[in-house]
Structures are given as structure tokens and as C-alpha cells.
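Here the structure comes first, spelled out in C-alpha cells, and everything after it is commentary.
All heavy atoms count here, side chains included; hydrogens, waters and symmetry mates do not. Naming convention: chains lettered A, B, ... in sequence-line order (proteins, then strands); numbering from 1 in each chain.
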Protein chains: 2
Amino acid sequence: MDSNFGSWPPASTRDAVYVSLRERILSLELAPGASLSEKEMSLRYNVSRTPVRESFLRLAEEGLLFILPQRGTYVSLIDTELVEESRFMREQLESAVIRLACAKFPEEGLAELERNLRDQLDCIGKQDDKRMFELDEAFHRTIFEGCRKRNTWALIQKMNAQLNRARMLRLVADHRWEHLYAQHRRMADAIIRRDPDGGERVMREHLSLPIADLAVLKEQYPHYFK
Amino acid sequence: MDSNFGSWPPASTRDAVYVSLRERILSLELAPGASLSEKEMSLRYNVSRTPVRESFLRLAEEGLLFILPQRGTYVSLIDTELVEESRFMREQLESAVIRLACAKFPEEGLAELERNLRDQLDCIGKQDDKRMFELDEAFHRTIFEGCRKRNTWALIQKMNAQLNRARMLRLVADHRWEHLYAQHRRMADAIIRRDPDGGERVMREHLSLPIADLAVLKEQYPHYFK
DNA sequence: GATACCATGCTACCATACAAGTATGGCAGT
DNA sequence: ACTGCCATACTTGTATGGTAGCATGGTATC
């Protein structure tokens, strides 16, 4: 889920600070609009201002912070337009890729999807939300990798920062895991059947759902939004 | 074409260095594989290592540099897989957006497209390559803005760094400007006609072309590629 | 009372110093 | 001649000091 996935612990102080800050922002522990400063964070993490500053710059590029020179640094407000566009982009890219998958997909990838689906069923029984979230991501990633579209997936992951922060507001998210599983199952079936139209249809349905209630959230937490 | 577009001169030393380095990399003045160092650049630009270093980090994130800690920094080799994926992503996003444009597009945007097309014709007569390139970009940007997909366009611009560097290798690029103009003309017509299928068809055709000869380039400049 | 000014303390930005890891070339020992 | 060691000169990573710009609150002036 993170760019450092697979290379733990972080090689540098900078990465450690970056990872920590990012997590705190996405979890809303650092709320949208909150103010921070290089000095403050350097004290908190017991490091110098340099790695903190470099993390700030990186987070600012990702749209999670915004920096006003000589004034201060703030956690960026959630931009509904940006969230919607992120969802839009993901929908387009994923539906294109599943078409590819329905045209040609390696046997090994298919086996991986089946394994993943079995695990999902298992998770639904155990109500393990965290693991289910990981399986969801892994399922999609497997499709991308099977089509040799690793970089595309990486880009989607970056954009998802915005999306996931919004999603985090739905505190007790309606874990409609059964529904999610059913859609994943249909995707795998479409790939097996070599049915691009069917695959695309499920995928678009799948990716239209997540943030239908964005407007509601904006009313509920107005100070978190732009 | 740049994120600082419209806010000139660059507010900070950092941005100035970043813009300059980026341009030199994309123009291949700094060739793929070339080695550079923070110190060297700080001397050349007469600034301290700090803004240079921060530019390096940003360029590394964009995939234009790669940094080996304690060893050195190099201009990244052109990754054909990444280039192809960039093209792929652009194709998906642009064809989705032109479908939107064919469903609904503001009158004002349409006027802008017509203005742009007139200027393109003008440019073809004058053989002004640089301006034609700008008009090409502006044409596409106008379509995105008319659909309120500004952020999507911004993302495409970032990805294009990889693409454009590859494109730059075709030194005397075949400026088939007339062909390009014809395609743009057909896109505008599709928007006017409200013809999503026609619009998408032209767009996909338009964006499939650019790097058909990537393999040839790789043979011609093997040391520039991964 | 309202307004213009200025001291103060904050910020991020930039310069510089130091630390730590790595490549290289020469030299000593075999 | 070859090998292993080490001094040296690089590299990036981190720490810290100083600077310029901005916000704020108090004060002097009208």
C-alpha cells in the first residue's frame, strides 16, 4: 500500500518521518486544516528540520499539505472536485485494464485471483476488516500486474491518498463485504470467460459506488472541506 | 506545460533550479545515464546545496533522476515499459474525457477550440514548431477544462515527462502538423455533433501514433534505455 | 475612538557545517 | 605480479544558524 512496501524499515530518517506523517494525515489524526511547522515536528520526532522539511515538500506535492512560504504549513482541506476526479481516473484506468485482462491473462495470475477470492470468503466469516481491505487492494493489483501495468497501478495508489482520506470519514463504514466479494467474483469470471464488456460493466459498477455520499460528508464535516 | 505556468518568475530559488533542471533533462542536454551531483549543480547555479537537493528529490519522484544514497545521482534511463504505460494511461483518460465533452461542453470552451484551430492553421503556414506544440497542448487542455477535469489534465502533464523525453529522440520529428490539425478538427466536430463514439475513435487514433517507433529508438540509442 | 505604525515572534527558505557511506588509487606486504 | 589495506576524495544524509517575509498585538498619533 505504500511506496516502501517490501523494504522495511525505512532506509532514511526522511522516509520514516514521511511515512509517519502520511499515515497520521490519512487517518485524520492530523485533521484537514490543522497547522504544523517544521520546528514542531522536528522536536516531536527528535530529528533535525531537514528530513521534516523534505517530507513536507513531498506531502505538499501529493496534495496532502499545502505550504505558504514564510507563513506556515497546513494539512490540506479535502477538495471534493479532486476526490471526484481521482475516482473518475481510477474508473477509466481500471475498466480499460480489465478489458485487457479479458483479452489475455496469464494462468498464474488467474490462480492468484482465485486464491485471493478464497481468502476474501474466509475474511467475511471472521469480520476482519483490515485484512479484507488488503485483499481488496491485492485483487486489483493482481489484475494490473497480469496485464503488465504495474506503473499504472502505482499511480492509482498515489491518487488514492485523496480518496482514502475522504473514505476515512465514514467512520463505521458500511462494510458491505459480501457485495464487494460478489463483484470481485464476477470480475474473475469475466476474465475467465474472456468477456471484456461484462468485465468492464462490473468494474464500472464497482468503482462508481465508493463516494456517492461525498455531499453528505461535506455537510457533516464542513470545516474539513474546501 | 509547467506547474508554474502563469506564475512567473518562479517564486523560489528551488523552483527556478527545478524548472531549469527539468528542462535540461527533457531536452536530453542532460542525457539518460549522466551523472550529476548536488555540489556540482549548486556551483553551476550559484546557490547552496539545499534548493538543488530539494529539486533532485522532486525530480527523483517524477522518475527523471534516480538517487543512490552516498553514491551519486543519475539521470534515469528511459524505461520503455513506463513510456508505453504513460501513453496507455493518457489514451484512456483522454478518450473518456472526450466522451464527456461530446455529451456536454460549454459554449465558451467551444469558441476557444475554434480559436485554437485557426491559430494552428496559421502555424502550419509559418512552420513554427514550438508554437504548434504549445497549441497542441492547449487544445487538449481546453477539452479537459470544459469538462471540469483540470486535475486529470495536470496528472497527464506529469506523466508526459517520460513520454516527451522519448519523443525528443526523434530529433527531426516528422512534423505531420497537417495530419495533427485534421485530427484536432475532427475532435472539435465530434464535440459539436455530440458524437461520443466518433470523438473517442479520433482520440484513440490520435494518441496511438506518437511512439510506434519506440523499438527503433531503443536500437538506435541503446545506452539511453533500460 | 479610529488609524497608522512598529516591535515582536512566528514561519519557511537558504546557506553552511558536519557526519557517514562509497569508490578509487597507491602502497606495502607477500 | 598479486593481494589486501588504507588514505583520500568524492557522494548524499542530517543538523544547525541566519535571513526575509508575514501575522499579531500594543502603542502612539490624530
Side-chain angles (χ1 to χ4, degrees), chain A residues 2-4 7-22 24-25 30-77 223, chain B residues 2-4 7-22 24-25 30-77 223:
Chain A
D2 181 72
S3 62
N4 276 28
S7 65
W8 213 254
S12 62
T13 312
R14 175 175 67 241
D15 284 0
V17 171
Y18 166 78
V19 167
S20 170
L21 281 176
R22 184 177 202 269
R24 291 172 65 199
I25 293 171
L30 291 171
S35 132
L36 358 72
S37 83
E38 297 175 359
K39 183 117 184 218
E40 172 198 355
M41 285 302 156
S42 71
L43 290 176
R44 174 178 171 127
Y45 286 108
N46 262 297
V47 297
S48 79
R49 294 193 333 261
T50 303
V52 172
R53 173 178 169 73
E54 290 172 355
S55 297
F56 276 21
L57 288 171
R58 185 165 168 192
L59 291 164
E61 271 179 56
E62 293 177 21
L64 293 175
L65 293 182
F66 78 107
I67 300 174
L68 294 117
Q70 331 307 5
R71 279 189 276 184
T73 299
Y74 303 85
V75 179
S76 66
L77 298 177
H223 47 293
Chain B
D2 181 71
S3 63
N4 276 27
S7 66
W8 212 254
S12 62
T13 315
R14 177 176 64 239
D15 284 359
V17 171
Y18 166 77
V19 167
S20 170
L21 281 176
R22 183 184 152 96
R24 292 171 65 198
I25 294 171
L30 292 171
S35 135
L36 11 75
S37 85
E38 297 175 359
K39 182 103 185 234
E40 172 198 355
M41 285 301 157
S42 71
L43 290 176
R44 174 178 172 127
Y45 286 108
N46 261 298
V47 296
S48 80
R49 270 182 55 211
T50 304
V52 171
R53 174 177 171 75
E54 289 170 356
S55 298
F56 275 23
L57 289 171
R58 186 166 167 191
L59 291 164
E61 272 179 58
E62 295 177 19
L64 293 175
L65 293 183
F66 77 106
I67 300 173
L68 293 116
Q70 268 63 8
R71 279 194 275 189
T73 299
Y74 302 86
V75 179
S76 65
L77 298 176
H223 47 295

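- In this entry the distance linking CZ of B/Phe56 with P of D/dT11 reads 10 Å, nearest Å.
- Two residues are said to be in side-chain contact when any heavy atoms from C-beta on lie closer than 4.5 Å; B/Leu36 and B/Leu65 meet this criterion.
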Begin with the C-alpha distance, continue with both residues' side-chain angles, and end with the deciding distance and a verdict on side-chain hydrogen bond (donor to acceptor under 3.5 Å, both in side chains) for A/Tyr18 and A/Glu62. CA-CA 12 Å; A/Tyr18 166 78; A/Glu62 293 177 21; 2.6 Å; yes

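- In this structure the side chain of A/Leu21 reaches within 4.5 angstrom of the side chain of A/Met41, judged on heavy atoms.
- Considering only side-chain N and O atoms, B/Thr73 lies nowhere under 4.0 angstrom from the phosphate OP1 or OP2 of D/dT11.
- Looking at B/Thr73, its side chain never comes within 3.5 Å of a backbone N or O of B/Ile67 through a donor-acceptor pair.
- At a threshold of 4.5 Å between non-hydrogen side-chain atoms, the residues B/Tyr45 and B/Thr13 do not count as touching.
- Close approach of DNA chain C to chain A, defined as any atom under 4.0 Å from a non-hydrogen atom of the protein, starts and stops at C/dT11 to C/dC14.
- The end-to-end axis angle of the helix from C/dG1-D/dC30 to C/dT30-D/dA1, rounded to 10 degrees and based on five pairs per end, is 20°.
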side-chain contact (heavy atoms from CB on, under 4.5 Å) assessment of B/Val17 paired with B/Val47: CA-CA 9 Å; B/Val17 171; B/Val47 296; 4.3 Å; yes

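- Side-chain atoms of A/Leu77 and A/Phe66, non-hydrogen and from C-beta on, never get closer than 4.5 Å to each other.
- Side-chain atoms of A/Leu57 and B/Glu54, non-hydrogen and from C-beta on, do get closer than 4.5 Å to each other.
- Checked by atom type and distance alone, the side chain of B/Ser76 pairs as donor or acceptor with a backbone atom of B/Leu64 at under 3.5 Å.
- Under the 3.5 Å distance criterion, the side-chain polar atoms of B/Ser20 are left unmatched by any main-chain donor or acceptor of B/Ala16.
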Whether each nucleotide of nucleotides 13-22 of chain D has a protein heavy atom under 4.0 Å at its base (B), only at its sugar-phosphate (S) or at neither (-) is summarised, 5' to 3', as BBBBBB--BS

